[in-house]
Amino acid sequence: RKEVEQDPGPFNVPEGATVAFNCTYSNSASQSFFWYRQDCRKEPKLLMSVYSSGNEDGRFTAQLNRASQYISLLIRDSKLSDSATYLCVGSGGSYIPTFGRGTSLIVHP
Amino acid sequence: GAGVSQSPSNKVTEKGKDVELRCDPISGHTALYWYRQSLGQGLEFLIYFQGNSAPDKSGLPSDRFSAERTGGSVSTLTIQRTQQEDSAVYLCASSLGTGADTQYFGPGTRLTVL
């Protein structure tokens, strides 16, 4: 079983919609979590870190649920420019960050 | 400031040839990672450096792959006797310290083995 798992999607939503992704992790010792965004044929870029208390950055909200071992990303008022692949990353309890395979989001007019 | 840079951006080679890929991390970043990504796939971890040491080489797919880092800075990934299945984008990332820190990725090297 992969340490970090994501639904690959694609999630196809209209502009203005709210969309949520979940990511599960298997290593209960994992301590640090991140969401990265990867545009087509580009490198991944940090979107936001995920803190135990949850965090919000504009239209984006990330939550961590340690009891159920998942993290989530909520995007409100989706924009066309939000179309990308969203990668979930856990520290895996070691110094090697473990990436999920990504969830594809397509926002259409 | 300058981000992570990689060279070449594209490399086309013939099967059986050796290739060298280069990564220049962000100055001061002690951790450096190599990944590869095939079309439509996730990131595959290859190797990790802390300073000049590589504590974890478990991701290298075969003994044709090797990597080194000198001066705690530049890293090269070498693939010997390339095969068609080596075709992928090779991404390098650096971070300030351990895996708990944010990784900053370079633009990648797109390798095509004919």
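To find a chain, count down the sequence lines: A is the first, B the second, and so on, and within it residues start at 1. On a predicted model such as this, the values are computed, not experimentally measured, just so you know.
Interface remark: A:Y36 contributes side-chain atoms only to the contact with chain B (heavy atom separation under 4.5 Å). For A:Q6, no part sits under 4.5 Å from any heavy atom of chain B, backbone or side chain. In this structure, chain A has a heavy atom under 4.5 Å from the side chain of B:Q37, while its backbone stays farther away.
For the options A:Q38, A:R41, A:K42, heavy-atom pairs under 4.5 Å to chain B are most numerous at A:R41.
Looking at B:Q50 and B:Y48, their side chains do bring a donor and an acceptor atom within 3.5 Å of each other. Side-chain contact of A:R101 with B:Q41: a donor-acceptor pair under 3.5 Å is present, judged by distance alone.
Contact detail for B:A2 and B:I26: the closest heavy-atom pair is O-CG1, 3.8 Å. Of all heavy-atom pairs between B:P61 and B:L46, the closest is CD-CD2, 3.9 Å.
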